[in-house]
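Numbers restart at 1 for each chain; the letters A, B, ... are given by sequence-line order, proteins then strands.
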Protein chains: 2
Amino acid sequence: MRQDTRLSRLLHVLLHMAQTEAPMTSQQIAVMLGSNAVVVRRIMAGLRDGGYVDAERGHGGGWRITKRTDEITVLDVYRSLDEPDLFAFGFSKPSPACLVEQSVNATIKGAIETAKDAILDKFSTLRLSQIEADVRRRMDSVAR
Amino acid sequence: MRQDTRLSRLLHVLLHMAQTEAPMTSQQIAVMLGSNAVVVRRIMAGLRDGGYVDAERGHGGGWRITKRTDEITVLDVYRSLDEPDLFAFGFSKPSPACLVEQSVNATIKGAIETAKDAILDKFSTLRLSQIEADVRRRMDSVAR
DNA sequence: AATAATGTAATAGGTAAAGTTACACAAGCT
DNA sequence: AGCTTGTGTAACTTTACCTATTACATTATT
């Protein structure tokens, strides 16, 4: 299955927005992501609705981050995408008549639920500010 | 066709094969899965190569399980599918020049690796015999 | 009024599993 | 030997979803 890259793209954009005062246009962001301005507006819409960014129209407009990086977690960003499926595997029938299939589904579902809780818990502890700190570490080691 | 359903389908089939002596034809299995005989052969090929099942051609032929259900784990079945991606999300570029994107990728990758280890560890503890036991419990509660 | 932005609907493209068709090969039955 | 019943696979089509593109309305600045 082809993978959903929206989460990593949003994180990438937010961190760049946090490094500058001036609003960034969808077009600038699109170039940065190797993507398209319309695609950018689409994936940013959730962040806007969640109050994490702000979009100004017209001349001199663009996107701006409205919270500090230590106030935004990866979980927040994931939720702003409407919580798309995390897993690439699942069952073929939601509620089968076959008892064997029911057991298989319950088994798979259990594994998925456990893993999902673990990932979302991890996401909730990861703040943008931590990724920022990691970027600074990388910059230091490049400069050295 | 959002998710990969091969793992749950294979588990389903293996458990039915464990309940009968006679070989099951791809066509019978296909009906059971609401699928197609060719699709069945395709997903069974890995199990055959792994030695978990055996396919006999010609009259009276079909598929037969060759191990006991306590000798097969969910991990074995997953591996026989060539370990397809477990996660529906990922990065857009494998090795970006941008330091920020590198950090984001590292962050996401870390979360994925941790979760993957946890899931595979869980898979390795789940034996077909345990799912069988769960099926029996369901049968009992239906009969009651 | 012209220009530079976002907002969004409609449509096309790309990818991987699932489904289908076609045919080669193998084994048992009459 | 020939027919039937199976697997093995290649090639193609379908399906679902993210991504990309096109088109146009709306809004704000100059």
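If you measure from atom CZ of Arg41(A) to atom P of dC18(D), you get 20 Å, rounded to the nearest angstrom. Atom CE of Met44(B) is separated from atom C1' of dT7(D) by 11 Å (rounded to the nearest Å). Nucleotide dT7(D) holds its P atom 15 Å from the CG atom of Leu47(B), rounded to whole Å. Between the C1' atom of dT21(D) and the CD atom of Gln27(A) lies a distance of 12 Å, rounded to the nearest Å. dG6(D) atom C1' lies 12 Å from atom CD1 of Ile29(B), rounded to whole Å. Nucleotide dT27(D) holds its P atom 16 Å from the CG atom of Asp54(A), rounded to whole Å. A straight line from CZ of Arg48(B) to C1' of dT7(D) spans 8 Å, rounded to a whole angstrom. Put simply, CE on Met24(A) is 19 Å from P on dA4(C), counting in whole angstrom units.
Counting any heavy atom pair closer than 4.0 Å across all strands shown, Glu56(B) reaches sugar-phosphate atoms only and no base atom. Contacts of Gly60(B) with the nucleic acid, taken as non-hydrogen atoms under 4.0 Å apart, are absent. Residue Arg42(A) is classed as a base contact, given a heavy-atom separation below 4.0 Å to a base.
Ion pairing between a basic and an acidic side chain is recognised when a charged N comes within 4.0 Å of a carboxylate O; Asp134(A) and Arg137(A) show such pairing. A salt bridge is absent between Arg136(A) and Asp140(A): the closest approach of a Lys/Arg side-chain nitrogen to an acidic carboxylate oxygen does not fall below 4.0 angstrom.
Of the possible donor and acceptor atoms, none in the side chain of Thr20(A) sits under 3.5 Å from a partner among the backbone N and O of Met17(A).
Closest to the His59(B) side chain, of the nucleotides dT19(D), dT21(C), dG28(C), is dG28(C). The side chain of Arg6(A) lies closest to dC18(D), out of dA20(D), dA18(C), dC18(D). For Arg57(B), the side-chain atoms get nearest to dG6(D) when compared with the rest of dT6(C), dA10(D), dG6(D).
Each of Gly61(B) and Asp4(A) was assigned the nucleotide of DNA chain D with the nearest heavy atom; the assignment lying further toward the 5' end belongs to Gly61(B). Checking Asn36(A) against Ala37(B), the closest nucleotide of DNA chain D that is more toward the 5' end is the one next to Ala37(B).
Closest approach of Val135(A) to Val100(B), counting heavy atoms only: CG2-CA, 3.8 Å.
Considering only side-chain N and O atoms, Ser26(A) lies nowhere under 4.0 angstrom from the phosphate OP1 or OP2 of dA5(C). Phosphate proximity of dT7(D) to Arg64(B): absent, as no side-chain N or O sits under 4.0 Å from OP1 or OP2. Between Thr5(A) and dT19(D), a side-chain N or O to OP1/OP2 separation shorter than 4.0 Å is present. One finds no side-chain N or O of Thr25(B) lying less than 4.0 angstrom from the OP1 or OP2 phosphate oxygen of dT5(D).
Ring planes of Phe87(A) and Phe87(B): tilted class, angle from 30 to 60°.
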